[in-house]
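What follows is a single structure, written as C-alpha cells, with notes after it.
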Amino acid sequence: MEASYDFGMVGLGVMGRNFLLNIVDNGYAAIGLDLDKEKVDALNAEADGRVLEGTTDTDTFIQSLSVPRKIMLLVPAGRAVDSVIESLLPKLDEGDLIIDGGNSFFKDTNRRFESLKEKGIRFMGMGVSGGAEGARRGPSIMPGGVKEAYEVVGSILEAVSAKVDGEPCVAHLGNGAAGHYVKMVHNGIEYGLMQLIAEAYDLLKNVGKLDNKAIHEAFNSWNQGALQSYLIEITADIFTQKDDQGNGDLVDKILDKAKQKGTGKWTSQNAMDLGIPVPTIDAAVTMRGLSSLKKERVSLQPHYTRAIEEKPAVDAQEYTSQVGEALHFAFIITYAQGMHLLAEASEEYQFGLDLEAVSRIWRGGCIIRARLLEQMRQAYSQEPDLRNLLMSSVFQQTVLHSQHAVRTVINAATQSGVPTLALSSTLNYFDAYRNARLPLNLVQAQRDYFGSHTYERVDKDGIFHTEWK
Ligand code: 6PG
C-alpha cells in the first residue's frame, strides 16, 4: 500500500467529515477512519474525483498516511479520545503527530501529552470552533502544544482556517494544553453572550412588548452596528423561521430548557480555582440550570405572578436602542472577563499565551466572532500584558457612555420582574471592579470576630487580630 495521504481524520461525524472535505478542497490528499460503515460510505460518496478515502480499517488508515503521520481526532471528548489513542498507538512510529480537535478538558490534554511524549509520539490539543459550517468552509482553529509539532501541520491548518483581511484564523497559541484552554474560555464567553442575547429577547418581548417580527428587526439593525457578530446575526434569522409542523413562529414552540455539554461550566469552575471573577459566564451556566427546572418553574408561577404590577408601555424605538446599547456594554464586559481569565491562566499554567493572537484568530470562523474582536486586538497590540480590557483606553469611552443604558434597562426589568442575571452581572462586575473600596473590610472583620482569621489595615503594614467583645 502506498503511503500517500497527507492527513488522516478519526471520527467521521459531521464535524470530522466537513473538516476533511475542507482539507481536500485545499489540495491535500486525506483519509478518514470510522468504525461506522455508514459514515465511511457517506464520506466516499463525497469523494467526487478528489483524493479522499474513507475506511473502517485502522491498518489501512495508518499505512496510507505519509510519515510523519498527521492524525486528527474529532470524537466525543472523554473516554473516546483515550480509547482511539490506545488503538492507534501500537501502529504508530516515533515522530507521528496526533491532534485532538474535540472539546477535551485541558487537564486531560496535559495528561495525554505527557504520556505520549514518553512514547515518542507528538500530541496537540486543538480547539476548533464554527460548528459544522465552520468546519466545512473555514473554522477558527486554536492549537496548543510544542511549536515544532505545530510546524508539521501549520500550513494545512492555515489553508483550511477562516480568513479575515487575508489573515488565517489560526495560530500556535502556546504550550501544553493552551489550545484546549483557550477553546474552553471561548465557549465560556459563548455561553455568556448567548445568555445576554436571550435576556435582551426577553426584555424586548416582555418589557418592550415587541412581537417576533419587531424583535427580528431589532437584532438585524444591531447587527449593522457595533454589535455586529455571528450570534446576533443568527439570532435575527431565528425570529423569521416559521414552524414547519404547525402555525406561527418556530421560536415560540421550542421548549425553554437549555442543554449543555460542559465547557461553560468548566470555565466557571476553573475561574473559581484561579480566583478570577467571570460572573457573566457563571450566570449563564446558572441560567441553563434554572431553565432545566421546568416542572418547578411551572408549579411556582401561579403563586407569584400577582406580585408584579403591569407597567406602562415603553417607547419601542427608544427602548430597543437602550437595550442594544446595554448589550454592547455587556458584550465588552463578557469578553473582558474571559480574557482576564486567559491572562491569569497563561501565568499559572505557563501557557505563554499571546492575547493579541487570540483576539486575531477569533475575528473569523468561530461562534464568538464579532466586530468587537478587532478593537480587542488593537488593545492587546498596544499593551500585550494588559490584565483586563477595562484598563485599555480602546474601550473606556464606550463603557463609560453605555453604562447608563444598562442602568436604565435593568431598572425597568427589575420593576417588571424580568430576570437579567447575566446582564445585571455585567453591571455589578463593572461597579465592583472599578471601585477602589469595597465593603469586604467588613467580611474581614467578621472572619476575625468569629474565627480569629486576622486582617490587614489600610494605615499600616502587618497582620492584626482584635479581641472583639
Ligand atoms: C463551537 C461551539 C461548539 C459546541 C457548542 C455546544 O465553538 O463551535 O462552541 O464547540 O458544540 O458550544 O456547547 P454546549 O452544548 O455546551 O452548549
Evaluate whether atom [atom1] of [X] has more than 12 neighbouring non-hydrogen atoms of other residues, nucleotides or ligands under 6.0 angstrom away.
X	atom1	answer
K117	NZ	no
Q317	CD	no
E456	CD	no
Q350	CD	no
H401	NE2	no
N247	CG	no

Point-to-point distance, once rounded to the nearest 0.5 Å, from [atom1] of [X] to [atom2] of [Y]:
X	Y	atom1	atom2	result
M184	L342	CE	CG	8.0 Å
L20	M72	CG	CE	9.0 Å
D100	H180	CG	NE2	4.0 Å
D282	Q269	CG	CD	10.0 Å
Q397	S402	CD	OG	10.5 Å
H404	Q322	NE2	CD	12.0 Å

When you compare the side chains of [X] and [Y], does any donor N or O come within less than 3.5 Å of an acceptor on the partner?
X	Y	value
Q337	T280	yes
N270	Y181	yes
H186	S129	yes
S359	Y335	no
R297	Q301	no
S424	T420	yes
N22	N26	yes
Q382	Q378	no

Is the closest side-chain heavy-atom distance between I333 and Y433 below 4.5 Å?
->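 No, their side chains stay 4.5 Å or more apart.
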Quick one: does I276's side chain get under 4.5 Å of R387's, heavy atoms only?
->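 The answer is yes, as the side chains (C-beta and beyond) meet within the 4.5 Å cut-off.
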State whether the side chain of E199 and the backbone N or O of A422 hold a donor-acceptor pair below 3.5 Å, judged by distance alone.
->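 Yes; at least one donor-acceptor contact below 3.5 Å.
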Answer yes or no: is there a donor N or O on one side and an acceptor on the other, between the side chain of D448 and the main chain of T466, under 3.5 Å?
->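 Judged by distance alone, yes, a pair lies under 3.5 Å.
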Looking at the rings of F219 and Y201, which for Trp means the six-membered one, are their centres under 6.0 Å apart?
->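 Centroid separation for F219 and Y201: 6.0 Å or greater.
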Could you check whether the rings of F105 and W266 sit parallel, tilted or perpendicular, using 30° and 60° as the cut-offs?
->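 The arrangement is tilted - the two ring planes meet at 30° to 60°.
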Evaluate the ring planes of F106 and F351, with Trp represented by its six-membered ring, and classify them as parallel (under 30°), tilted (30 to 60°) or perpendicular (over 60°).
->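 Rings of F106 and F351: perpendicular, over 60°.
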With side chain to side chain contact (heavy atoms under 4.5 Å, CB included) as the test, would you mind laying out the steps for V160 and I141 before giving the verdict?
-> CA-CA 9 Å; V160 302; I141 308 178; 3.9 Å; yes
Carboxylate-amine/guanidinium contact K213 D249, below 4.0 Å =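 No salt bridge links K213 with D249.
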Between R457 and D459, is there a side-chain N and carboxylate O pair less than 4.0 Å apart?
->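 Salt bridge flag = yes for D459 with R457.
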From the options T426, I368, I197, select the one residue that forms a side chain to side chain contact (heavy atoms under 4.5 Å, CB included) with F331.
->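 By the side chain to side chain contact (heavy atoms under 4.5 Å, CB included) criterion, F331 pairs with just one of T426, I368, I197: I197.
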